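These values consider heavy atoms only, across backbone and side chains, with no hydrogens, waters or symmetry-generated copies. For this chain, numbers begin at 1 and follow the sequence in order. Keep in mind the model is a prediction, meaning the values are calculated, not measured.
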Amino acid sequence: SFNFPQGLALDSNNNLLYIVDSNNQRIRVINLNNGIISSLNNLTLFNTSIDVSSSFQFQQIVLDSLGNLFVSTSIFSPTNPNQIFQIILN
């Protein structure tokens, strides 16, 4: 179940709704055609070597006009404060 959902982004075809599920450290996807909810797993972040793990708390999400997905995060580390990452969608 969702635990403190925060950000929403809708794809350009109005088929997929991306939801930041902050307290579960997940990005959920609802297929609006069939109602199936899934999670983006094994995330690949563009141009970074940071491991996506439970230390991330996703906050907001946006899709640009090219379909690129970006998330803002809180990383519980004094050396890595809030950041914005592009997620590679396979």
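- When all heavy atoms of I19 and P5 are compared, the pair lying nearest together is CG2-CB, 3.9 Å.
- F85 and V62 are assigned to two separate hydrophobic clusters, defined by single-linkage of ILVMFWY side chains at heavy-atom distances under 4.5 Å.
- Heavy atoms only, all atoms of each residue included: Q6 and Q60 are closest at CB-NE2, 3.9 Å.
- When each of N15, N14, L10, N13 is checked for a side-chain contact (heavy atoms from CB on, under 4.5 Å) with L32, only L10 meets the rule.
- Between N23 and F4, the shortest heavy-atom distance links the atoms ND2-CB, 3.4 Å.
- I30 and L40 sit in two unconnected hydrophobic clusters of ILVMFWY residues. Membership requires side-chain heavy atoms under 4.5 Å apart, directly or through other members.
- Both I61 and F58 sit in one connected hydrophobic cluster of ILVMFWY residues. Membership requires side-chain heavy atoms under 4.5 Å apart, directly or through other members.
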Q: Show your reasoning for whether side-chain contact (heavy atoms from CB on, under 4.5 Å) applies to L16 and N31.
A: CA-CA 5 Å; L16 300 175; N31 183 318; 4.2 Å; yes

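- Linking Ile, Leu, Val, Met, Phe, Trp and Tyr residues whenever their side-chain heavy atoms come within less than 4.5 Å leaves L17 and I27 in two separate clusters.
- For residues 7-26, every residue pair satisfying the salt bridge (Lys or Arg N to Asp or Glu O under 4.0 Å) rule, not counting sequence neighbours, is listed here: D21-R28.
- For L8, the CG atom is densely surrounded, since the number of other residues' heavy atoms within 6.0 Å is greater than 12.
- Nearest heavy atoms, N68 versus Q86: OD1-NE2, 3.3 Å.
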